[in-house]
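Here's the structure we're looking at; comments come further down.
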Amino acid sequence: MEMHKATLTALQQGQFICQYTQPELHRYLSDEANRDSVDRDFTPFGYEVASVADEVYYLAYANPLESVSANKIRAQFEQYRDLMSPVVSFLGLLQRAGKKTEARNVGDRFQFSDLLEPLVNNPAHGQQLDKLVNRVPFKTTKTHPAEKLQAVLDGMVKLGFLVSLNKTQAVYVFTGKIEHFHKALTFIFEAEDIPLGDDGDQGTQQELL
Amino acid sequence: MTLQQAIEALGRALIGASADIPKLIEEQLGEEVQIVELSSPKAWQFLLSHQLVSGNEDDGYTASPLLNDIVISLLADQVRRKTAPDVADWLDDLRRAADQLRLAERNDAHADVVRYRGQVRQLVLSMTAGLTSETLELQYNLASNFGTCATLDEKLIENRYLVKRTDNLTKKLALINNPLLLEIAGENSFLITQLYHRLPPKLQECRQEMLDAIPRLENMLFKFQEHSEQAKRLLAMERYLNSGQLLSFEPSEEQLANSCFNSSDQGESSFYAHSNVDFYGPHQEYYVDIVRSMRKPRELFELVSKIRDEGPAVLSRGGHEEEVTPIESLYTTKYYDFLRYAKRIGEPVALLDFWSVQAQDLSANAFLYYVDNQLEHLPELAVERHTRSGGRLSGNTIICNLSLNIPTHHRGEAGEGD
């Protein structure tokens, strides 16, 4: 019963529940019977439990075309659209600095120091970090690269895309909300009809050069 | 003795007994094997004292499960590094060896009998070891997300290959069935033991593991493909935005309704403002029960009628029959009492006034909350809600009482129960 109430409360507060943010609640919701029970409790209020591939659970409007719900959903869309540029820039930088070819997904982790090193040693990465800290969710007046990076990571934590696993070693892990972001990106990408291009890596290489 | 010395002693013992161990492994019938003259009694004694083999000179010896596993593991590694068993070739070799064994037995050619029995054992071992190796590799890749591959592209290639290979192998393994093995074995007791008693359980086990692994592999492949697409989209989006383009698409409400943007990420304020309830108030424990018990008006009316006419009711909810709980009957009964009372009075009636006289056995807040929610389903009734602001959820409006006005001429649901 306690778990049930805690789950209701977390979802009511608009939290995205994944195994890295609230492992116990995520486990609870992963059970179909529990999820149905939570869903039933929200039905009278016009809400339902939604998920992205069972990686992350969140509350959604059961009647999304009703005017109040529709307005709030549009506000969500606009919020994500505004976040698209800075978050995509950060993820792109993380990908290049970590010399990875794949996008970051739930459970992927990295250490602050591992990310800081290429940002300090590679001027191109450093410039991108400078651009990032001039943008809204990451804005800071700090000048040291470590402080700038910290501001960006704090911003990502605040947005719910990252959690800090180990304070002393500063290990960060991507939460389930990053999967939600990828879905949002896909929606906007297709809606805007952005060319995918096969030269993704070449573009990155050119940027690095 | 240090750990290193112990391992060296084991190595020496295995080398010393290397001529004798295969006799135990190859027989592997759970029966003792007589060994007339041991190659190295000292090495054998070491294996006996460490329970890698058991038995004695008179009754014979057997290999321990651990020793069996070590040998199978070594053979499996050999098979994996060379080729996994090809079922068609393997069946051809098996038929040939079985025919030659039968011929040798008919001719009483002892040396050939030993030789072809050895061939059959080796074929059975290579198949079981090969399949064990295949399933181990599958499990490893599934557990480690193809951990040996450095890049996503490599994982994709390896995963695709493994899906295809496992699928083919399971199909081919289905060809090795009991009637076929019995046909090859004929009435030869040695072949029946080897092919019918020993091989099928292992074949079945490995095939089942492979069949179970295929959907997991396919699911993983789908995820790898999705991750690959995500990476491409991410970089393309970054390029697009860096080139000065703006995101300007305005989706329709229908598009948004079916999208991931349908999320209530507004925090508790909007939720509580919507529900008009102090969820964190002193009676919060009631709310969960009540919210769970809420029904549509028509169902409620039927429920109350049933309770009144027949006592505790059994109703269907979510496809399941369940008995109505006392708290439901109590709240619904009082709710309908309130509707009747308001109809009888014919002018505005405050719920808490009604409660103070007729429903004090219920929590006032919970009853208020329950009635308020039920009345939302009856928009034709004149309900005036009295609210106050704040509480712990500042900025929200919390209902503190409501008045219901049912003029006497009103012919609604409230009158049906009378």
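Naming: A, B, ... by sequence-line order, numbering from 1 per chain. Every value quoted in this text rests on a predicted model; they were computed, and no experiment measured them. All values below come from the heavy atoms of this structure, side chains included, with hydrogens, waters and symmetry mates left out.
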**Study point:** Portion of B:L156 that has a non-hydrogen atom of chain A nearer than 4.5 angstrom
**Key:** neither
Point to revise | Option that, when pairs with chain B are counted at under 4.5 Å, heavy atom only, ranks first among A:A50, A:A53, A:S89, A:P64 | key: A:P64
Study note, to complete from the structure: Contacts satisfying salt bridge (charged side-chain N to carboxylate O under 4.0 Å, His left out) that involve residues 245-263 of chain B (not counting sequence neighbours) are A:R74-B:E250, A:R81-B:E250
Check your understanding: Which bit of A:A70 is near chain B, if near means a heavy-atom gap under 4.5 Å: side chain, backbone, both or neither?
Key -> side chain
Review point. Where on A:F189 is there a heavy atom nearer than 4.5 Å to chain B: the side chain, the backbone, both, or neither?
Key: both
Revision key, fill the gap. Scored by heavy-atom pairs under 4.5 Å with chain B, the best of A:D82, A:I73, A:I188 is A:I73
**Study point:** Side chain / backbone / both / neither for A:F77 at chain B, heavy atoms under 4.5 Å
**Key:** both
Point to revise | Backbone N/O of A:H182 and side chain of B:Q230: donor-acceptor pair under 3.5 Å | key: no
Practice item. State whether the side chain of A:Q76 and the backbone N or O of B:S264 hold a donor-acceptor pair below 3.5 Å, judged by distance alone. Key: no
Exercise for review: Check each atom of B:S252 against the heavy atoms of chain A and say whether the ones under 4.5 Å are side chain, backbone, both or neither.
Suggested key: backbone
Revision key, fill the gap. Of the listed B:N258, B:L241, B:L256, the one with the largest count of heavy-atom pairs under 4.5 Å with chain A is B:L256
Point to revise | Selection residues 51-65 of chain A - residue pairs positive for salt bridge (charged side-chain N to carboxylate O under 4.0 Å, His left out), sequence neighbours left out | key: A:E55-B:K223
